Asker: 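I have a structure I would like to understand better, so I am pasting it below and will then ask my questions one at a time.
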Number of protein chains: 2
Amino acid sequence: MREVMKKMDIEMKLRGFEDRCRHNGLKVTPQRTAVYKALIGTDTHPTAEKVCKIVRQDISSISLDTVNRTLLTLAEIGAAFQVEGTGQPRRFDGGLEDHQHFRCIKCGKIVDFHYEPFDNIEIPVHLQGQFQIMRKTVYLEGICQTCSATTSS
Amino acid sequence: MREVMKKMDIEMKLRGFEDRCRHNGLKVTPQRTAVYKALIGTDTHPTAEKVCKIVRQDISSISLDTVNRTLLTLAEIGAAFQVEGTGQPRRFDGGLEDHQHFRCIKCGKIVDFHYEPFDNIEIPVHLQGQFQIMRKTVYLEGICQTCSATTSS
DNA sequence: TACTATATAGGGCTTACTCTTATATTCTTA
DNA sequence: TAAGAATATAAGAGTAAGCCCTATATAGTA
């Protein structure tokens, strides 16, 4: 019974995915579908490399480049998203005072801001047992003024 | 007057930095000091590459590897830190329901959790004009159970 | 001043990605 | 349902970030 439910759920998601592709003028290819399926079938926040390995069980000839490109496409059409901050070179910060970060997804710029209520977010108790938390922050992503000005022109 | 204050401030930080090095059994080298100075002299969250360019104005022969290593060292002794999530391969997430991420800084594992109060953090008004915010999340870093078990042994 | 431990420069290597191009596939519309 | 146009894919070369190794140099110490 459980299994049947799961299967139906996946079928529904796939249907929705195909619609989403078409609405965005994207073709529904076996590769795209397989990448999407692999991604929703895991909760491990995989890299392109890992997704590629999974997909190759079905489509052995798929290239890593296609997987990577497809994942990026999925993020663009809102069928998935990129885990915050990953995929960029390492960056450092010499400001040790309490502050938070905003990152522009177009130009990659990181801007400090400080909003006192964010300094001491309360961590739910059930996590405190599970992890040794060393850092907690509110992290914002979006488009900065410069980039939104450039885009609209 | 302002300038003088700034200079004193930097001097103080440098003094503190040297102490911090010694307390951690690290030698105070011109390279280390220069990297630290470059980092606290900017608010742009630079990559190792950028810090290297700045430092080379003083020490033209410094290698990128040294800069990178030094920045990592600064983070270890708490004289700086690494911007959350940067420096890792891109990762994707197919779960579109509201949730937040914890990332283990040892093994890199990313774990989902969900704490409803975090779903709709209020963004301060002064930021709403400045940025077009597309995503906001609470992001936690620390050490997971597996890793803290391994480390203690 | 000399000795020991640690740091650095340099260069080669790996990994994660990106770009280019020729071929293949989807979707449309006639 | 066949043909054409637009888009996607595979493959492979190219690039950027970061890591590792080793010989030399330097800081801290006694």
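Just the heavy atoms: all of them, side chains too, but no hydrogens, waters or symmetry mates, feed the values below. By convention in this document, chain letters (A, B, ...) are assigned in the order of the sequence lines, proteins followed by strands, and residues within each chain are numbered from 1. As the structure is a prediction and not an experimental result, all values here were calculated from the model.
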Asker: Does any N or O in the side chain of A:K136 come within less than 3.5 Å of the main-chain N or O of A:N120, such that one atom is a donor and the other an acceptor?
Answerer: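 No; zero donor-acceptor contacts below 3.5 Å.
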Asker: I'd like to know if the side chain of A:T86 reaches the main chain of A:V83, judged simply by a donor and an acceptor atom lying under 3.5 Å from each other, with no hydrogens or angles considered.
Answerer: yes
Asker: List the residues meeting ring-ring contact (aromatic ring centres under 6.0 Å, His included) with A:H101, not counting sequence neighbours, and say none if there are none.
Answerer: A:H99, B:H45
Asker: Take atom NZ of B:K50 and atom C1' of D:dA17, then tell me their distance rounded to the nearest Å.
Answerer: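 Checked: the NZ to C1' distance equals 14 Å.
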Asker: Could you identify which residues of residues 12-20 of chain A place a heavy atom less than 4.0 Å from some atom of DNA chain C, listed by residue number, or say none?
Answerer: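 Close to the strand, none.
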Asker: Among all residues two or more places apart in sequence or in another chain, which pass the side-chain contact (heavy atoms from CB on, under 4.5 Å) test with A:M12?
Answerer: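 Result, side-chain contact (heavy atoms from CB on, under 4.5 Å) vs A:M12: none returned.
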Asker: Please find the pair of heavy atoms, one from B:S148 and one from A:Q132, that lie closest to each other, and give the distance.
Answerer: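 Heavy-atom minimum between the residues: CB-OE1, 3.9 Å.
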Asker: May I ask you to decide if B:K27's main-chain N or O and B:R32's side chain share a donor-acceptor pair within less than 3.5 Å?
Answerer: yes
Asker: Between C:dC27 atom P and A:H23 atom NE2, what is the distance in whole Å?
Answerer: 14 Å
Asker: In whole Å, what is the span from the CD1 atom of B:I59 to the C1' atom of C:dT8?
Answerer: 11 Å
Asker: Can you tell me the distance, in whole Å, between the CZ atom of B:R56 and the P atom of C:dT8?
Answerer: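 B:R56 atom CZ is separated from C:dT8 atom P by 14 Å.
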Asker: So does A:I77 get a backbone contact from the side chain of A:R20, meaning a donor-acceptor N/O pair under 3.5 Å?
Answerer: yes
Asker: Any side-chain N or O of B:T66 below 4.0 angstrom from OP1/OP2 of C:dA9?
Answerer: yes
Asker: Is A:D93 reaching over with its side chain to a backbone N or O of A:G95, donor-acceptor style, under 3.5 angstrom?
Answerer: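 Side chain of A:D93 to backbone of A:G95, a donor-acceptor pair under 3.5 Å: yes, one is there.
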Asker: Rounded to whole Å, how long is the line connecting atom CG of A:N24 with atom P of D:dT7?
Answerer: 13 Å
Asker: Which comes earlier along DNA chain C counting from the 5' end, the contact point of B:T29 or that of A:V28, where each point is its nearest nucleotide?
Answerer: B:T29
Asker: Using the rule given for side chain to side chain donor-acceptor pair (under 3.5 Å), can you reason through B:T70 versus B:T73, listing the C-alpha separation, both sets of side-chain angles and the distance that settles it, and then say yes or no?
Answerer: CA-CA 5 Å; B:T70 302; B:T73 306; 5.6 Å; no
Asker: So, A:T42 side chain and A:T44 main chain: donor-acceptor pair closer than 3.5 Å or not?
Answerer: yes
Asker: Tell me if the CD atom of B:Q128 is crowded by more than 12 foreign heavy atoms within 6.0 Å.
Answerer: yes
Asker: Identify, residue by residue, the members of residues 30-44 of chain A with a heavy atom below 4.0 Å from DNA chain D, and return them in order of residue number, or none.
Answerer: A:Q31, A:R32
Asker: Any chance the rings of B:F113 and B:F102 have centres within less than 6.0 Å?
Answerer: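 No, too far apart.
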Asker: Can a salt bridge be assigned to the pair A:D19 and A:R15 using a cut-off of 4.0 Å between side-chain N and carboxylate O?
Answerer: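 Salt bridge between A:D19 and A:R15, a charged N being under 4.0 Å from a carboxylate O: no.
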Asker: Starting from the 5' end of DNA chain D, give me the residue, B:R69 or B:L26, whose nearest nucleotide shows up first.
Answerer: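 Comparing both residues, the 5'-ward one is B:R69.
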Asker: Using five base pairs at each end to define the local axes, how bent is the helix from C:dT1-D:dA30 to C:dA30-D:dT1, to the nearest 10°?
Answerer: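 Here the local axes at opposite ends form an angle of 30°.
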Asker: Let me spell it out: for each of B:I62 and A:K27, pick the nucleotide of DNA chain C with the closest heavy atom. Which residue's pick is nearer the 5' end?
Answerer: B:I62
Asker: May I ask you to decide if the ring planes of B:H126 and A:Y115 are parallel, tilted or perpendicular, using 30° and 60° as cut-offs?
Answerer: tilted
Asker: For nucleotides 13-19 of chain C, just jot down a letter per nucleotide in 5' to 3' order: B, S or -, based on protein non-hydrogen atoms under 4.0 Å.
Answerer: ---SSBB
